Protein chains: 2
Amino acid sequence: MRIGELAKATGTKAETIRYYEREGILPAADRTDSNYRDYSDNHLAALTFVRRARQLGFSMAQVRELLDLSDRADKPCQEVDELVHEQLEEVEQRIVDLLSLRDELRLLLRSCQANRIDECRIVGSLARPLGRVTR
Amino acid sequence: MRIGELAKATGTKAETIRYYEREGILPAADRTDSNYRDYSDNHLAALTFVRRARQLGFSMAQVRELLDLSDRADKPCQEVDELVHEQLEEVEQRIVDLLSLRDELRLLLRSCQANRIDECRIVGSLARPLGRVTR
DNA sequence: TATGCACCTTGTAGCAACTACAAGGTCAAG
DNA sequence: CTTGACCTTGTAGTTGCTACAAGGTGCATA
Ligand SMILES: [Zn+2]
Ligand SMILES: [Zn+2]
Ligand SMILES: [Zn+2]
Ligand SMILES: [Zn+2]
């Protein structure tokens, strides 16, 4: 299959696929006589793996590790497990951070009672360092 | 005050402060005889405003808007309000996304019962497109 | 046959918001 | 007088793509 087909099949832009190849995330494809990339089902599987891992929030570096690990069939899968565990912890931390951000923004919104900018508590409380919000 | 002091006072790296100046986010500072930047309390207030807005997740473009607005004392503060509202909505959306990511990662973790990578369901389910997880 | 159009190729540059040098100038202390 | 902390400018790197530009290829249609 050509790059456009693979792109459609995986929901990836062709340019991104070429980028993955340049970065060594995906193996290079065969070439047709006219120098077009020619992909196999193995490439489809590999790209699917990569995209899924990326959608799960793994960094390119982590994806590289996952790919390396998935090639070592006989190894214990503890390291894979640990990578997922770490990613989960990071996501949980980001959620905590965003929740407190949300609370701060809500407070900020509620603080505006005025009509003119020079009386607006939002503008005022932006001028104060984080930690001491409104109140 | 010199750039290092301002940096310490606001928890910003000196290089970031210079970057803000280059980008027009902060007004240029006076210079001493030896060409060192020399900041006033107004600069301290402005940088505090910027850093606080950034910590609240506003983009540089949004910070620019907020700064412009905060200069127009007599305008109604509806636009400020609306900017905060939009940022709140974005944060809420990011939370929703991360929560479903977290659930997927938890499922993934629970799916590993094996010991060897070729039997590991984590690796297996990464090879499948998103949407159909495990099971 | 010509021509149009979608597709492919490489290479380069841009995005956000910093961060990290490198190479050199300034200033106070020991 | 030298050390060391600080400052200056300028340039390049980070992450993960995305967007051209300039040209080649493949196929259907007038
Ligand atoms: Zn762990
Ligand atoms: Zn207001
Ligand atoms: Zn709104
Ligand atoms: Zn496993």
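Lettering of chains follows the sequences in order, A, B, ..., and the numbering in each one begins at 1. From a predicted model like this one, the values you see are computed outputs, not experimental measurements.
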Check the distance between [N]'s [atom2] and [X]'s [atom1] and give it to me in whole angstrom.
{"X": "Arg64(A)", "N": "dG16(D)", "atom1": "CZ", "atom2": "C1'", "value": "11 Å"}
{"X": "Leu26(B)", "N": "dA17(C)", "atom1": "CG", "atom2": "P", "value": "15 Å"}
{"X": "Asp30(B)", "N": "dT8(D)", "atom1": "CG", "atom2": "C1'", "value": "16 Å"}

When you measure from the side-chain N and O atoms of Arg54(B) to the phosphate of dC18(C), is any distance below 4.0 Å, counting only OP1 and OP2?
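Looking at the OP1 and OP2 atoms of dC18(C), one of them is under 4.0 Å from a side-chain N or O of Arg54(B).
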It should be established whether Arg31(B) places a side-chain nitrogen or oxygen under 4.0 Å from OP1 or OP2 of nucleotide dG25(C).
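No, Arg31(B) has no side-chain N/O under 4.0 Å of OP1/OP2 on dG25(C).
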Let's go through Thr48(B) and Arg51(B) carefully: what are the C-alpha distance in whole Å and the side-chain angles of both, what is the deciding distance for side-chain contact (heavy atoms from CB on, under 4.5 Å) to 0.1 Å, and is it a yes or a no?
CA-CA 5 Å; Thr48(B) 302; Arg51(B) 292 304 281 177; 6.0 Å; no
Ion pair present between [X] and [Y], side-chain N to carboxylate O less than 4.0 angstrom?
{"X": "Glu92(B)", "Y": "Arg106(A)", "value": "yes"}
{"X": "Arg52(B)", "Y": "Glu104(A)", "value": "yes"}
{"X": "Glu23(A)", "Y": "Arg18(A)", "value": "no"}
{"X": "Arg22(A)", "Y": "Glu15(A)", "value": "no"}

Assign each of Thr32(B) and Met60(B) to its nearest nucleotide of DNA chain C by heavy atoms, then name whichever residue's nucleotide is nearer the 5' end.
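Of the two residues, Met60(B) wins.
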Provide a list of protein-nucleic acid N or O atom pairs under 3.5 angstrom, restricted to nucleotides 2-4 of chain D.
none

I'd like to know if the side chain of Thr10(A) and the backbone of Leu6(A) have a donor-acceptor N/O pair within less than 3.5 Å.
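Between the backbone of Leu6(A) and the side chain of Thr10(A) there is a qualifying donor-acceptor contact (under 3.5 Å).
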Nearest non-hydrogen partners of [X] and [Y], listed with the distance:
{"X": "Leu108(B)", "Y": "Ile122(B)", "value": "O-CG1, 3.3 Å"}
{"X": "Ile17(B)", "Y": "Tyr39(B)", "value": "CG2-OH, 3.4 Å"}
{"X": "Ile117(A)", "Y": "Arg72(B)", "value": "CB-O, 3.5 Å"}
{"X": "Phe49(A)", "Y": "Val123(B)", "value": "CE1-O, 3.9 Å"}
{"X": "Leu44(A)", "Y": "Ala9(A)", "value": "CD1-CB, 4.2 Å"}

Using a heavy-atom distance cut-off of less than 4.0 Å, which residues of residues 33-41 of chain B contact DNA chain D?
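Those residues whose heavy atoms fall under 4.0 Å from DNA chain D, taken from residues 33-41 of chain B in numerical order, are Asn35(B), Tyr36(B), Arg37(B).
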So if I take residues 3-25 of chain A and measure heavy-atom distances to DNA chain D, which residues fall below 4.0 Å?
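Per residue number, the list reads Lys13(A), Glu15(A), Thr16(A), Tyr19(A), Tyr20(A).
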